[in-house]
> 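My questions all concern the structure below.
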2 protein chains.
Amino acid sequence: MDLRHLATLDAVAAEGTFGKAADRLGYTQSAVSQQVAALEKAVGGAVFDRPGGPKPVRLTPLGEVVLAHGRELLARAAATEDAVERFKAGEGRVDIGTFQSVTNVILPAVVRQILTEHPAADIRLFEEETDEPSADGLDLVFFDGRVKDAEQVKILDDPYVLVARRGQFPEGPVPLTALHGAAMVAQPPICDQARVERVYADAGVAPLIVFRTADNRGVISMVRAGMGLAVMPRLALDVASDDLSAHELQPALAPREIYLAWQANRTLSPLATRVIELTKQTAAQL
Amino acid sequence: MDLRHLATLDAVAAEGTFGKAADRLGYTQSAVSQQVAALEKAVGGAVFDRPGGPKPVRLTPLGEVVLAHGRELLARAAATEDAVERFKAGEGRVDIGTFQSVTNVILPAVVRQILTEHPAADIRLFEEETDEPSADGLDLVFFDGRVKDAEQVKILDDPYVLVARRGQFPEGPVPLTALHGAAMVAQPPICDQARVERVYADAGVAPLIVFRTADNRGVISMVRAGMGLAVMPRLALDVASDDLSAHELQPALAPREIYLAWQANRTLSPLATRVIELTKQTAAQL
DNA sequence: AAAAGCGATAGATTCTGCTCATGTCAACCA
DNA sequence: TGGTTGACATGAGCAGAATCTATCGCTTTT
């Protein structure tokens, strides 16, 4: 049973004669006749009564059964083509792995723009703390560092700054050695934080870490409360604040590199491609 | 877009490689490769990522869209074939035009048997008083007389009998002339009743019709009540009754002929065909 | 570096599906 | 009543599609 045969069945049922259906479909009467014959062979019985003479054909009861189902099939086929077109235009779902800084600074603009372009887009964000991410199950993953076995683009360099209460240090750079023995608030030692602490160690600087939390806002709050200093990526410092100051470190730490990654050699959906584009644009403006 | 291509897509997605899908479908790997290529051309994009080497292929996002819709289509196609099979086995709907005697005497047995054979059969009865029936809209029509422009079979001859209160006439035949001047209850003069009354007139018999009703049971009730005599087809006298007696008339009226008709040159559904068969069998037992 | 697994491709062949021309049948008309 | 008309069926021929066989090229694994 072939969709084309069902379309022909439908046309003949609507037009009443093979010839008119042929005109509508751009075939000859002979072709329609043969298609109907093929369909009848497939279903094992006549779908039209042919009265003979100049009378139109009429559906048999079997023909009505086949036509009813056939219309359903044709509608589904049309819906399929439609869905493909919409997919190519950017509809669909995209699952994105992210983390705090990106969620707060980069993604809002990207999501807003995507939803403006494609109101039917289905964006899902997953913010899971992982040390070594893989893009399994996700379409796109933000990560602060390279991702193994994945295609990726570097979104931006996010420099580390020292955060302190305003007035604690004069404006301008602060030597890294100033951290030696200082009370500090920090992230748990995963992801890029581990690298940062290795830099301290290599420089012979041993800060006194008095509190760790994965919540950047929590880190900032504790700095503001006077619990200690913090070294954090500038993006994590997403709120301007009168009572805090940010300082470059000397020597500067290598910046945190933020990558957007996806599974290698996989075709991306147009929606995901657009997300990458917009992410690059957004990051370039920072 | 072809159903066969979608079936191939499904098989490849399930098996992971073109070759295994080919085995399952009875094709060669080459054929599957070409079918997938054709499908990809139809939807305008790749549906599989081919990693190369001994790795299995993977659906692209587009492929997932197409496959989701494709499975739906394939399921509908299977459902269609199933519906055709069930139709050929006797499921479906049949609309039957009937009238009182047939409804009460013949159809119960037929309906019971059909519903035993095909619990999903959808039998609809239409009891409309018409003088000249046509089978438009109906699959089968019972009628007491020939139906013009229709195929038909005679179901049975239904002899007319005189119905009287028991004891009013001695057992056995009653001369037609006994009706002259007699009070009678009768059907409205349509259908076969008109023919009956012409027979009276031709025989010079002029009964006094005191009540007409289309309801056979009403006729009988009024006879029982002593309102008069009645001449009615034996089938219409479907209740045995101690206080009534039935008599042949002399000369006998030509019996009412009951036909089962359907539109000429139309293919009947297996269900309708079965109804015709069962009707003949049932009538033969009367 | 060789072997194995897998998809793509070229060429040959078979099938399918279409068109054109013609046949056949029933209703209509003169 | 016999020709005409309108409609479907059928046969021949051809073009294109689908399939198979064989082979190529790529990637991973050994």
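Predicted model, so just to flag it, every value in this text is computed and none were measured. The chains referred to below are lettered A, B, ... by the order of the sequence lines, with proteins before strands, and numbering in each begins at 1.
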> Scan residues 1-24 of chain B against DNA chain D and write down, sorted by residue number, each residue with any heavy atom closer than 4.0 Å; if none is found, say none.
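Output list: Arg4(B).
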> Need two values: the first and the last nucleotide of DNA chain C, 5' to 3', having an atom under 4.0 Å from any heavy-atom of chain B.
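Going 5' to 3' along DNA chain C, contacts run dG5(C) to dA10(C).
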> Heavy-atom nearest nucleotide on DNA chain C for Ala38(A) versus Arg50(B): which residue maps closer to 5'?
Arg50(B)
> Is the shortest heavy-atom distance from the side chain of Leu156(B) to the side chain of Leu235(B) under 4.5 Å?
yes
> Could you tell me which non-hydrogen atom of Lys88(A) sits nearest to which non-hydrogen atom of Val43(B), and how far apart they are?
NZ-O, 2.9 Å
> By the side chain to side chain donor-acceptor pair (under 3.5 Å) test, which pairs, at least two apart or in different chains, include something from residues 267-278 of chain A?
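The answer is Glu117(A)-Arg274(A), Thr267(A)-Asp49(B), Arg274(A)-Glu277(A).
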> Please test Val57(A) against Thr17(A) for side chain to side chain contact (heavy atoms under 4.5 Å, CB included), starting from the C-alpha separation and ending with a verdict.
CA-CA 6 Å; Val57(A) 298; Thr17(A) 75; 5.9 Å; no
> Without decimals, in angstroms, what is the distance between Leu39(B) CG and dA17(D) P?
16 Å
> Using a cut-off of 4.0 Å between protein heavy atoms and nucleotide atoms, how would you tag nucleotides 20-28 of chain D 5' to 3' with B, S and -?
BB----BBS
> Going through the distances and angles, do Trp262(A) and Val147(A) end up as a side chain to side chain contact (heavy atoms under 4.5 Å, CB included)?
CA-CA 9 Å; Trp262(A) 56 93; Val147(A) 179; over 6 Å; no
> Looking only at atom types and distance, does a side-chain atom of Gln100(B) sit under 3.5 Å from a main-chain N or O of Ala214(B), one as donor and one as acceptor?
yes
> Any salt bridge (charged side-chain N to carboxylate O under 4.0 Å, His left out) involving residues 31-41 of chain A? Give me the pairs, sequence neighbours left out, ordered by first then second residue.
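For residues 31-41 of chain A, and leaving out neighbouring residues, the salt bridge (charged side-chain N to carboxylate O under 4.0 Å, His left out) pairs sorted by first residue read Glu40(A)-Arg50(A).
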> Mind checking salt bridge (Lys or Arg N to Asp or Glu O under 4.0 Å) for Lys20(A) and listing every partner two or more places apart, or none if nothing turns up?
none
> Base, sugar-phosphate alone, or nothing: which one does Val32(A) contact when heavy atoms must sit under 4.0 Å apart?
nothing
> If we only count heavy atoms from C-beta on, is the Leu260(B) to Val141(B) side-chain gap below 4.5 Å?
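They are not in contact (no side-chain heavy atoms under 4.5 Å apart), so the answer is no.
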> Pick from Asp158(B), Asp157(B), Asp192(B): which one makes a salt bridge (charged side-chain N to carboxylate O under 4.0 Å, His left out) with Arg256(B)?
Asp158(B)
> Could you tell me the separation between the CD atom of Gln35(A) and the P atom of dA9(D), rounded to a whole number of Å?
13 Å
